[in-house]
Novice: 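Pasting a structure here, questions to come.
Sequence lines set the chain letters: A, B, ... in the order given, protein chains first and strands last, and positions in each chain run from 1.
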Amino acid sequence: MIDFLTAAVVATMPLLFATLGEILTEKSGSLNLGVEGMMLMGAVFGFSTVYNTGNPFLALCAAFLAGAVGAFIFALITVTFQGNQVVTGLTLTIFGAGFSRFVGDHMIGSSVPRAAQDFFGKVKIPLLGDIPFVGQIFFRQDVFVYLGYIMVAVLSVYIYKTRPGLNMKAVGENTAAADASGIPVNLYKYLHIVAGGGLCGLGGAYLGIVSVPMWQEDVVTGRGWIAVALVILAGWNPIKALVGSFVFGALSILGLWQGSMGIHISQDIVNMFPYLATILIVIISTHKNRKEDRPPGNLSDPYFREER
Amino acid sequence: MKSPIKIIKRGDLSKKKTVMIQLIAVVLSLVFAGIVMLFFNLNPLEVFSTIVRGSIGTDIRIKQTIVRAIPLIIASLGILVAFKMKFWNIGGEGQIMMGALASSFVALNFGDLPKPLLLLLMAMAGAIAGGIWGLIPALFKAKMGTNETIFTLMMNYVAIKYVSYLQYGPWRDPEAKGFPRIPRFTDNGVLPKVAGVHIGWIFALLLVVAVFFFMNYTKKGYEIAVVGESLNTARYAGMHVPSIIITAMLISGGLCGFVGMIQASAVEKTLVYTISGNYGFTAIITAWLARLNAIATLFVCLAFAVLLQGADYIQLSMHVPSALAQVVQGVILFFVLGSDFFIRYRVRWAKDSSKTTGEGASV
């Protein structure tokens with residue numbers, strides 16, 4: 001059981017990073033459905049960087065950058081050129097999928113260099129790692145996982161406790177009012193869309209470099225879309241995003257682990273569970289009415305000052 | 001923040017100018033894609049000319065290109081009906097898959113039926129299965145307002161996993177010597193050829209006309225467009241919105257399901273879990289590029305079929321990954337999405353920024 005939950009934490013991370021990224025994007029008022037594409041771009045650039053340079057830190061930067069560039073395209077089209085957000089996001093997904101296949105084509109089957117694999121090896125945190133059960137599961141992980149925990153904490157503070165975070169929320173809730181109060185609306189949108197895309201890129205890189213240290217096509221397999229649903233489930237809250245990602249991380253590896261747990265169903269059927277569960281979330285969240293669980297007021301509404 | 005450019009809202013732009021702006025966007029996107037190719041040490045002119053040669057260079061290649069265009073056209077028509085309503089059906093892949101599954105079930109179990117009857121039953125099964133797969137999210141949307149984007153997309157994965165389960169499990173051909181595949185259809189389950197290409201091209205043309213007529217000249221089609229424009233207007237006019245959503249998605253999913261039948265019957269001659277071949281996603285791009293107009297869809301899809309077929313050819317002849325086609329498609333749509341702005345607004349250099357009354361867009 002401990003082994004399963006430890007592996008579940010590893011499966012949590014791609015979802016977590018992507019969910020956090022999309023939370024930033026949506027909090028500032030944009031619905032970017034290109035998460036899947038940005039993750040794929042991050043995955044392929046992260047992998048190719050670590051494959052060519054062997055430097056894991058550089059790989060993370062490249063992955064972040066790749067996701068951020070994808071998000072920048074989205075921001076350019078939807079914020080500046082007022083393009084349709086849904087279709088632009090979908091296009092970003094198709095573009096990112098094609099791009100990762102195109103760039104990664106000659107690397108299929110290649111492995112992450114040994115040294116970099118060691119860099120992402122498990123590290124025990126002193127004291128915390130000695131806590132029975134909880135410590136064994138959560139605090140004997142790789143550095144990337146700890147980065148994930150740190151991101152949750154940082155974003156929680158940023159969104160709820162800092163001035164720029166509150167401004168960002170204002171932009172997402174009521175763009176016109178935020179504009180009137182002197183907040184540079186478009187700048188806020190750009191920054192958060194791009195940063196959110198960078199986090200999605202990191203989530204993809206985790207899949208491409210750590211989860212499976214060998215390049216294969218379409219590593220993301222719908223996790224970007226699950227992340228979009230997790231944002232709703234988490235009520236746009238980073239801490240709840242961690243919990244939600246963990247549950248879905250566990251679900252997503254059930255197919256591989258069911259044998260050792262004494263269950264024997266076709267793996268294809270078990271692999272449906274995360275997708276079915278996502279549908280369930282979407283249906284349930286239709287009925288959410290608590291204030292803090294509601295989406296930002298102006299989510300996905302285009303804003304153009306001249307048309308107020 | 002004073003801006004040197006001034007942005008003025010246009011009145012309705014003439015159709016000719018709209019098309020012009022979009023064409024410029026497409027040309028710019030191809031130029032941009034060419035520049036990207038340079039970064040990968042590819043000669044864009046060589047790539048583009050090889051794509052054209054590979055897709056329409058010989059008779060056989062033209063036929064292959066048309067075989068690619070057929071599913072794309074019909075799937076785009078399906079997507080178009082839903083998108084017109086602003087119902088973001090991105091579940092085309094799953095609907096194609098379920099259509100293929102249902103028609104395969106008929107073909108594999110009733111392979112001895114006379115050909116016309118068998119094919120008719122397969123087509124009906126395919127369309128119904130696709131329709132039902134599209135209906136499920138539509139019902140939730142109509143009754144509860146559930147977000148359809150993620151719903152329809154997740155249904156894709158469920159469908160793919162299920163077909164993959166069948167292919168590796170219960171439907172696996174025991175005579176295939178361990179190879180995980182489903183038995184081939186009998187000859188009666190395979191669509192006939194007309195003029196060298198399977199009969200699907202005739203269906204595609206007929207459906208283009210039918211959908212065009214339906215969307216522009218029938219009450220239901222008009223209602224779908226009104227729901228897309230404004231839910232409140234539709235309600236105020238006394239339209240029964242839930243039933244419109246359900247009808248539109250039955251048609252949308254049904255068309256995609258029919259694509260599944262065609263691909264299973266005429267192309268694969270059996271069921272495989274890769275049968276949807278990304279057509280459900282590509283159709284989103286083509287339908288949008290055609291500005292959700294059925295007639296325009298035909299031409300956009302032909303152009304995209306050239307791109308897809310040509311991309312397979314550059315993989316063989318130039319060893320350039322065929323995924324390049326997907327990248328180019330994405331770039332084209334990015335540019336066209338951006339160009340919408342210039343259709344809605346006029347951009348002018350302000351002569352004297354101190355005299356401009358409003359500030360331009362601040363970015």
Side-chain angles (χ1 to χ4, degrees), chain A residues 31 33 36-37 73 76-84 86-106 184-187 190 217 221-222 225-226 228-229 232 266-272 274-276 278-279 281-283 285-287 304-307, chain B residues 1 7-9 40 83 86 88 90 136-137 140 144-151 153-158 160-169 278 281-282 284-285 288 320-331 333-334 337-342 344-345 358-363:
Chain A
L31 179 67
L33 296 180
E36 181 94 359
I73 300 173
L76 191 67
I77 294 174
T78 60
V79 178
T80 301
F81 289 119
Q82 311 280 315
N84 182 301
V86 173
V87 183
T88 308
L90 286 174
T91 312
L92 184 54
T93 288
I94 294 169
F95 174 81
F99 204 79
S100 87
R101 274 189 209 153
F102 178 67
V103 175
D105 191 66
H106 67 279
V185 171
N186 284 350
L187 180 68
Y190 260 87
E217 250 181 26
T221 54
W225 291 100
I226 293 179
V228 175
I232 305 170
S266 157
Q267 194 163 320
D268 282 315
I269 300 294
V270 181
N271 285 344
M272 273 185 206
Y275 306 114
L276 289 171
T278 307
I279 292 175
I281 289 180
V282 176
I283 294 172
S285 59
T286 316
H287 278 308
F304 195 43
R305 194 189 274 166
E306 319 282 293
E307 279 191 18
Chain B
M1 232 189 298
I7 290 159
I8 310 147
K9 186 157 189 169
F40 288 93
F83 272 36
K86 295 219 167 67
W88 307 113
I90 45 179
I136 298 168
F140 280 97
M144 293 161 59
T146 304
N147 179 313
E148 76 282 8
T149 325
I150 303 168
F151 203 139
L153 191 103
M154 289 296 135
M155 299 283 283
N156 291 343
Y157 289 104
V158 175
I160 291 168
K161 297 286 172 205
Y162 188 63
V163 171
S164 155
Y165 157 73
L166 292 177
Q167 187 178 336
Y168 285 84
N278 246 340
F281 286 123
T282 313
I284 295 169
I285 301 186
W288 194 261
V320 175
S322 64
L324 183 66
Q326 242 178 315
V327 177
V328 175
Q329 287 168 13
V331 172
L333 191 51
F334 280 144
L337 281 164
S339 78
D340 266 4
F341 182 77
F342 298 94
R344 277 181 294 159
Y345 304 100
E359 290 171 20
S362 37
V363 182

Novice: Specify which of A/I73, A/N271, A/V86, A/T278 makes the most heavy-atom pairs with chain B at under 4.5 Å.
Specialist: A/V86
Novice: May I have the list of side-chain donor-acceptor pairs in residues 88-103 of chain A shorter than 3.5 Å, sequence neighbours left out?
Specialist:
from   : atom 1 : to     : atom 2 : distance (Å)
A/T88  : OG1    : A/N84  : O      : 2.5
A/T91  : OG1    : A/V87  : O      : 2.6
A/T93  : OG1    : A/L33  : O      : 3.0
A/S100 : OG     : A/A97  : O      : 3.3
A/R101 : NH1    : B/Q326 : OE1    : 3.0
A/R101 : NH2    : A/D218 : OD2    : 3.2

Novice: For each of A/P274, A/G222, A/G83, tally heavy-atom pairs with chain B at distances under 4.5 Å, and name the one with the top tally.
Specialist: A/G222
Novice: Could you tell me which non-hydrogen atom of A/F81 sits nearest to which non-hydrogen atom of B/R344, and how far apart they are?
Specialist: O-NH2, 4.1 Å
Novice: Give me the atom names and distance for the closest heavy-atom approach of A/I283 to B/M144.
Specialist: CG2-CE, 3.7 Å
Novice: When only pairs under 4.5 Å are counted, which of A/D268, A/T221, A/V185 shares the most heavy-atom pairs with chain B?
Specialist: A/D268
Novice: Quick one: CD1 on A/I269 to OH on B/Y165, what's the gap to the nearest 0.5 Å?
Specialist: 5.0 Å
Novice: Pick whichever of B/W88, B/F83, B/F281, B/F342 has the most heavy-atom pairs under 4.5 Å with chain A.
Specialist: B/W88
Novice: Pick whichever of B/I285, B/V320, B/L324, B/D340 has the most heavy-atom pairs under 4.5 Å with chain A.
Specialist: B/L324
Novice: Against chain B, work out which of A/I226, A/L76, A/D105, A/I281 has the most heavy-atom pairs shorter than 4.5 Å and name it.
Specialist: A/D105
Novice: Return the option, out of A/L276, A/I77, A/T78, with the maximum number of heavy-atom pairs under 4.5 Å with chain B.
Specialist: A/I77
Novice: Which region of B/Y162, side chain (C-beta onward) or backbone (N, CA, C, O), has a non-hydrogen atom less than 4.5 Å from a non-hydrogen atom of chain A, or is it both or neither?
Specialist: both
Novice: Which atoms of A/V282 come close to chain B, meaning under 4.5 Å heavy atom to heavy atom: side chain ones, backbone ones, both, or neither?
Specialist: both
Novice: Just verifying a value: how many Å separate A/W225 CH2 and B/I90 CD1, rounded to the nearest 0.5 Å?
Specialist: 3.5 Å
Novice: B/L153 versus chain A, heavy atoms under 4.5 Å apart: side chain, backbone, both or neither?
Specialist: side chain
Novice: Can you tell which part of A/E217 gets under 4.5 Å to a heavy atom of chain B, answering side chain, backbone, both or neither?
Specialist: neither
Novice: Give, as side chain, backbone, both or neither, the part of B/T149 having an atom under 4.5 angstrom from any heavy atom of chain A.
Specialist: side chain
Novice: How far does CE of B/M154 sit from CD1 of A/I279, to the nearest 0.5 angstrom?
Specialist: 7.5 Å
Novice: Where on B/N156 is there a heavy atom nearer than 4.5 Å to chain A: the side chain, the backbone, both, or neither?
Specialist: neither
